Student: 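Got a structure here, written out as structure tokens. Questions coming.
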Amino acid sequence: MKLDSRARKIFRKFPRDVKEYFEKLDQKCQKHGILLKLGGGKEVNFGHGRCGGYFDDSGKEMNIAIGGSIQSLMANSLHEEGHLDQFLGKSKIWHQFSFYNGHTRFFKYLSGERIYKVNQAVQAAIAIEKECEKIAIKKIKKKWQKYIDLDWYIASASAYLFSYLYMAKKRKWPKNTPCTAKIRAHCPNKILRSYKTIPERLEAAFDRYL
């Protein structure tokens, strides 16, 4: 596990169960040749933008920002661990070429590259992210409701999934997180079967706050 100087100070103050979570996550990562990096800010650099964390299977790296609240950093960590679980073979979608390739092409599209079948790519990305959210929700229900409000997480996850449609439309990585209270207020409190159209009020909130 690699921590920057700021992250080390933050990590020392974590509750014991949170420290143990990251230690076990690090062991899980090391077992499969993944470097776990913890940053002391509220976001980490990712592509052409910033986010709370990411898992890079090709670069063998998981990077998580731990400078925010316990709720937000644990939510980000469980989400990225969900991607790790997908990578480790617990997902048919991740290892199905059409989905994985579409997910990859979507991020290339955001970086400015021309790709084929944009709608297919964004739906593939949403499918992978939706499955990851379901994995994280199961883990929250099992152990982490002490730190993560389940309704908050589900509404945030819904905002995040809809944001992929918005990113595809605007063709850029958002400047702000879609998981804010002003955006969550317009999101359903459940994970939907499909994400194909952004509700009008939610899109207006994206325009204003994202």
Side-chain angles (χ1 to χ4, degrees), residues 42-55 65 68-69 71-76 78-80 82-83 86 91 93-94 96 98-138 140-141 145 148-210:
K42 292 183 179 181
E43 295 178 317
V44 297
N45 292 326
F46 177 73
H48 295 276
R50 290 176 64 77
C51 63
Y54 65 84
F55 170 64
S69 67
Q71 177 167 251
S72 64
L73 72 89
M74 284 303 300
N76 288 333
L78 290 168
H79 176 88
E80 300 311 325
H83 283 313
Q86 289 176 313
S91 165
I93 291 178
W94 185 278
Q96 188 173 325
S98 61
F99 285 98
Y100 183 84
N101 182 55
H103 186 269
T104 301
R105 287 190 295 110
F106 174 72
F107 286 100
K108 288 182 178 180
Y109 176 73
L110 292 185
S111 68
E113 292 187 32
R114 293 182 64 182
I115 67 168
Y116 60 93
K117 297 182 179 179
V118 174
N119 289 338
Q120 184 186 72
V122 68
Q123 286 301 315
I126 289 172
I128 284 179
E129 295 297 333
K130 183 170 74 169
E131 183 186 64
C132 183
E133 296 294 7
K134 289 181 177 180
I135 293 170
I137 288 167
K138 285 182 180 179
I140 293 168
K141 287 180 177 179
Q145 291 191 71
I148 303 172
D149 180 85
L150 189 60
D151 290 335
W152 171 90
Y153 186 89
I154 292 173
S156 297
S158 188
Y160 178 64
L161 293 170
F162 273 119
S163 76
Y164 273 73
L165 295 173
Y166 190 76
M167 285 189 282
K169 184 176 180 178
K170 298 296 183 179
R171 199 176 182 179
K172 64 179 182 179
W173 190 257
K175 293 180 180 179
N176 302 306
T177 174
C179 305
T180 63
K182 291 179 179 179
I183 292 176
R184 284 197 307 273
H186 304 288
C187 292
N189 60 352
K190 62 180 179 180
I191 303 297
L192 305 180
R193 294 185 67 179
S194 66
Y195 290 80
K196 294 184 178 179
T197 305
I198 307 173
E200 187 175 331
R201 289 185 179 180
L202 177 58
E203 185 162 10
F206 281 156
D207 286 335
R208 188 171 185 181
Y209 304 112
L210 202 58

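None of the values given here were measured: they were computed from a predicted structure. All residue numbers refer to positions in the sequence shown, counting from 1.
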Student: Rounded to the nearest 0.5 Å, how far does OH of Tyr195 lie from OG of Ser163?
Tutor: 10.5 Å
Student: Show your reasoning for whether side chain to side chain contact (heavy atoms under 4.5 Å, CB included) applies to Leu150 and Ile137.
Tutor: CA-CA 8 Å; Leu150 189 60; Ile137 288 167; 4.1 Å; yes
Student: Can you name the closest pair of heavy atoms from Leu202 and Cys187 and give their distance?
Tutor: CD1-SG, 3.7 Å
Student: For the residue pair Ile191 and Ala157, what are the closest heavy atoms and their distance?
Tutor: CD1-CB, 3.9 Å
Student: Hey, could you give me the CD1/CZ distance between Ile115 and Phe106, rounded to the nearest 0.5 Å?
Tutor: 8.0 Å
Student: What's the spacing between Lys138 NZ and Leu78 CG if we round to 0.5 Å?
Tutor: 14.0 Å
Student: Do you know which two heavy atoms are closest between Tyr166 and Ile198, and how far apart they sit?
Tutor: N-CD1, 3.6 Å
Student: Which pair of heavy atoms, one from Ala168 and one from Val122, lies closest together, and at what distance?
Tutor: CB-CG2, 3.9 Å
Student: Test side chain to side chain contact (heavy atoms under 4.5 Å, CB included) on Lys182 and Arg208; report intermediate values, then the result.
Tutor: CA-CA 10 Å; Lys182 291 179 179 179; Arg208 188 171 185 181; over 6 Å; no
Student: To the closest 0.5 Å, what do you measure between CD (Gln145) and CD1 (Ile140)?
Tutor: 8.0 Å
Student: Minimum heavy-atom separation for Leu73 and Gly68, please, with both atom names.
Tutor: CD2-O, 3.8 Å
Student: Are a donor atom and an acceptor atom from the side chains of His79 and Glu129 found within less than 3.5 Å of each other?
Tutor: yes
Student: Classify the angle between the aromatic ring planes of Trp94 and His83 as parallel (below 30°), tilted (30 to 60°) or perpendicular (above 60°).
Tutor: tilted
Student: Counting only heavy atoms from other residues, nucleotides and ligands, does the tally under 6.0 Å from CZ of Arg201 exceed 12?
Tutor: no
Student: Output the distance between atom OG1 (Thr104) and atom CD1 (Ile128), rounded to the nearest 0.5 Å.
Tutor: 7.5 Å
Student: Output, in order, the C-alpha distance, side-chain angles, deciding distance and verdict of side-chain hydrogen bond (donor to acceptor under 3.5 Å, both in side chains) for Glu133 and Tyr153.
Tutor: CA-CA 9 Å; Glu133 296 294 7; Tyr153 186 89; 2.5 Å; yes
Student: Is it true that a side-chain atom of Gln86 and a backbone atom of Ile93 form a donor plus acceptor pair closer than 3.5 Å?
Tutor: no
Student: Before you tell me yes or no, could you show the steps for Ile183 and Thr177 under side chain to side chain contact (heavy atoms under 4.5 Å, CB included), namely the whole-Å CA-CA distance, both residues' side-chain angles and the distance that decides it to 0.1 Å?
Tutor: CA-CA 9 Å; Ile183 292 176; Thr177 174; over 6 Å; no
Student: Is the Phe107 to His103 ring centre distance short of 6.0 Å?
Tutor: yes
Student: Please round to the nearest 0.5 Å and tell me the distance separating atom NZ of Lys130 and atom CD of Gln123.
Tutor: 8.5 Å
Student: Are Phe206 and Phe162 an aromatic pair, judged by ring center distance below 6.0 Å?
Tutor: no
Student: Might you work through the side chain to side chain contact (heavy atoms under 4.5 Å, CB included) test for Ser156 and Tyr160, ending with a clear yes or no?
Tutor: CA-CA 6 Å; Ser156 297; Tyr160 178 64; over 6 Å; no
Student: Would you find a donor on one side and an acceptor on the other, under 3.5 Å apart, between the side chain of Ser158 and the backbone of Ile154?
Tutor: no
Student: Within the side chain of Asn176, is there an N or O that forms a donor-acceptor pair under 3.5 Å with the backbone of Tyr209?
Tutor: yes
Student: I'd like to know if the side chain of Arg105 and the backbone of Tyr116 have a donor-acceptor N/O pair within less than 3.5 Å.
Tutor: yes
